[in-house]
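Shown next, in structure tokens, is the structure this report addresses.
Each chain gets a letter, A, B and so on, in the order the sequences are listed, and its residues count up from 1. Below, all heavy atoms of this structure are taken into account, side chains as well, without hydrogens, waters or symmetry copies. As the structure is a computational prediction, the values presented were derived from the model and not from experiment.
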Amino acid sequence: MIVTRVQAASFDAAAEITVLTAGRSNIGAVVSFTGLVRGDDALVSLTLEHYPAMTERALSAIAAEAEARWPLMGGIVIHRVGRLLPGDPIVLVAVASAHRAAAFAATEFLMDWLKTKAPFWKAEAREGGTTWVAARDSDEAAAARWRAAD
Amino acid sequence: MIVTRVQAASFDAAAEITVLTAGRSNIGAVVSFTGLVRGDDALVSLTLEHYPAMTERALSAIAAEAEARWPLMGGIVIHRVGRLLPGDPIVLVAVASAHRAAAFAATEFLMDWLKTKAPFWKAEAREGGTTWVAARDSDEAAAARWRAAD
Amino acid sequence: MIDLLYFAWVRERIGLDGETLPCPAGVATVADLLDWLSDRSPAHTAALADRSAIRVAVDQVFAGPGTPVTAGCEVAIFPPVTGG
Amino acid sequence: MIDLLYFAWVRERIGLDGETLPCPAGVATVADLLDWLSDRSPAHTAALADRSAIRVAVDQVFAGPGTPVTAGCEVAIFPPVTGG
């Protein structure tokens with residue numbers, strides 16, 4: 001069961017990962033991804049807007065797709081919204097499985113789909129003003145990898 | 001700089017991952033892999049033997065190879081030796097980078113090479129006796145993926 | 001009626017979070033709706049000018065140009081997503 | 001002299017962690033050494049019987065059958081590794 005959460009508050013990636021395996025002895029592999037705000041080019045802050053009515057639906061659908069594709073033994077997806085500062089965590093994906101191949105694949109898949117199928121938008125604030133981050137072709141290409149396996 | 005450690009003591013994967021990003025704002029992605037002892041088929045314990053004089057050399061060489069292949073901003077490899085119980089962590093690989101593709105690739109690479117190029121051997125103890133774990137063709141195949149990119 | 005929601009720079013360019021409008025005559029699909037909306041004001045025209053940079057969700061699910069738009073539905077219009 | 005080290009089931013089958021021996025005459029490579037060692041005792045013969053399951057490191061670096069073996073080197077003999 002992959003739990004999904006959207007929140008303005010920060011999260012403790014380490015604690016969330018620890019919870020996945022606590023008290024269990026049938027998990028062989030845990031893979032985690034943490035995305036953080038990079039302070040490149042004098043970034044002052046990053047603001048994440050989302051479409052609340054759709055976000056939960058989209059995250060649940062993405063999680064369900066991962067569970068259908070790989071034999072997982074638990075997982076968590078946390079995505080933050082609101083105003084973040086350089087160094088702040090934005091997103092956490094962590095997945096537990098018996099074997100490493102499934103855990104790696106599911107984590108990468110969840111990130112690729114979050115990037116392209118969940119309704120979040122980033123605006124970067126710098127001294128000179130605020131600009132919306134443009135979608136990257138490389139993210140579309142990464143997400144398209146998983147279609148070939150359908 | 002990827003730090004490598006071999007130790008009998010347990011480790012706190014969460015704390016090790018937290019250290020990678022502490023006080024930094026130029027890291028965009030942290031990927032971690034934790035391998036744990038699975039209590040399958042009534043496993044009682046798992047004992048990891050290694051070749052001390054070669055292990056540190058092999059781990060350093062594997063870490064250097066990852067750093068040569070991807071633009072990394074830090075990482076840690078911890079491999080335990082000695083007697084472990086179901087649920088215990090065996091290995092931790094965590095890597096920090098500006099972008100997620102490099103962090104994912106480097107973490108998978110480090111695991112694939114640890115599995116096939118570092119001198120560790122696992123013996124599984126069950127009620128009926130102790131058996132050495134056989135190497136798996138799938139691990140060799142996973143490691144071979146990285147040769148194609150040479 | 002139809003509920004329109006705007007996000008990110010679509011919201012900023014139109015100058016509204018959203019609007020509730022009577023279902024326009026002759027609008028059966030997402031493509032019809034975008035064409036009709038584009039003529040609603042200079043701000044709408046500007047926001048929707050580059051159709052390749054516009055994404056749409058109907059009732060919280062990603063939609064294509066041919067997706068039906070009917071009375072009572074919620075149509076969200078936004079740029080390509082950039083989360084994660 | 002040559003330092004031999006054995007690990008995992010190679011160690012168990014030979015019954016030794018390792019042994020230090022005078023460099024055998026006619027042994028120039030890893031393959032030569034394995035052939036020579038196989039004849040040393042029934043335990044050595046059994047341990048080294050399936051050459052496809054034997055891996056070797058010379059001076060702490062993985063070696064092939066043709067890797068030179070010279071006086072003073074450390075040769076480790078073990079099954080395929082299974083860490084990680």
Side-chain angles (χ1 to χ4, degrees), chain A residues 12-44 46 73 84-101 103-105 107-112 114-115 136 138-139 141-142 145, chain B residues 12-44 46 73 84-101 103-105 107-112 114-115 136 138-139 141-142 145:
Chain A
D12 181 347
E16 301 289 348
I17 296 165
T18 302
V19 167
L20 284 183
T21 55
R24 304 186 63 172
S25 64
N26 57 348
I27 291 172
V30 176
V31 172
S32 78
F33 174 88
T34 310
L36 304 118
V37 180
R38 270 180 295 122
D40 291 359
D41 305 322
L43 182 85
V44 173
L46 183 75
M73 306 174 85
L84 309 180
L85 301 177
D88 281 351
I90 305 171
V91 61
L92 172 71
V93 171
V95 158
S97 185
H99 300 287
R100 78 183 191 286
F104 272 117
T107 305
E108 286 203 69
F109 169 86
L110 285 163
M111 276 310 303
D112 289 341
L114 276 178
K115 289 259 180 196
R136 299 192 314 171
S138 61
D139 287 331
R145 288 185 293 172
Chain B
D12 180 348
E16 301 290 348
I17 296 165
T18 302
V19 167
L20 285 184
T21 55
R24 304 186 62 171
S25 63
N26 56 348
I27 290 171
V30 176
V31 171
S32 78
F33 174 87
T34 310
L36 304 119
V37 181
R38 270 179 296 121
D40 292 359
D41 306 322
L43 183 85
V44 174
L46 183 75
M73 306 173 84
L84 309 180
L85 301 176
D88 281 351
I90 305 170
V91 60
L92 172 70
V93 171
V95 158
S97 185
H99 300 286
R100 79 184 190 285
F104 272 117
T107 305
E108 285 203 70
F109 169 85
L110 285 163
M111 277 309 303
D112 289 341
L114 276 179
K115 289 257 178 199
R136 301 192 313 171
S138 61
D139 287 333
R145 287 185 293 171

A/Glu108 and B/Arg100: CA distance, side-chain angles, deciding distance, side chain to side chain contact (heavy atoms under 4.5 Å, CB included) verdict = CA-CA 9 Å; A/Glu108 286 203 69; B/Arg100 79 184 190 285; over 6 Å; no
CZ-CE distance between A/Arg38 and B/Met73, expressed to the nearest 0.5 angstrom = 8.5 Å
Looking only at B/Thr107, B/Ile90, B/Thr21, the option with the highest number of non-hydrogen pairs under 4.5 Å against chain A is B/Thr107
Inter-residue atom distance A/Leu36.CG - A/Leu46.CG, 0.5 Å rounding = 11.5 Å
Where A/Ala142 and A/Asp112 come nearest, the two heavy atoms and their spacing = O-OD2, 3.3 Å
Atom pair CD1/OG1 of B/Ile17 and A/Thr18 - distance to nearest 0.5 Å | 8.0 Å
Euclidean distance, B/Met111 CE relative to B/Leu92 CG, rounded to 0.5 Å | 9.5 Å
Under the 3.5 angstrom rule, does the side chain of A/Asp12 hit a backbone N or O of A/Ala14 as a donor-acceptor pair?
-> yes
In terms of heavy-atom pairs under 4.5 Å, which option from A/Ala13, A/Ala98, A/Ser138 contacts chain B the most?
-> A/Ala98
Give me the contact list for residues 26-35 of chain A versus chain B, heavy atoms only, anything under 4.5 Å, ordered by residue number.
-> A/Asn26, A/Ile27, A/Gly28, A/Ala29, A/Val30, A/Val31, A/Ser32, A/Phe33, A/Thr34, A/Gly35
By a 4.5 Å heavy-atom criterion (distance strictly below it), what part of B/Arg24 contacts chain A: side chain, backbone, both, or neither?
-> backbone
Checking B/Ala103 against chain A: side chain, backbone, both or neither under 4.5 Å from a heavy atom?
-> neither
Looking at A/Ser25, A/Gly87, A/Pro86, A/Ala15, which has the largest count of heavy-atom pairs under 4.5 Å with chain B?
-> A/Ser25
Would you mind checking which part of B/Asp88 comes under 4.5 Å of any heavy atom in chain A, side chain (CB onward), backbone (N, CA, C, O), both or neither?
-> neither
So, for A/Leu20 and A/Val95, which heavy atoms are closest and what is the spacing to 0.1 Å?
-> CD1-N, 4.1 Å
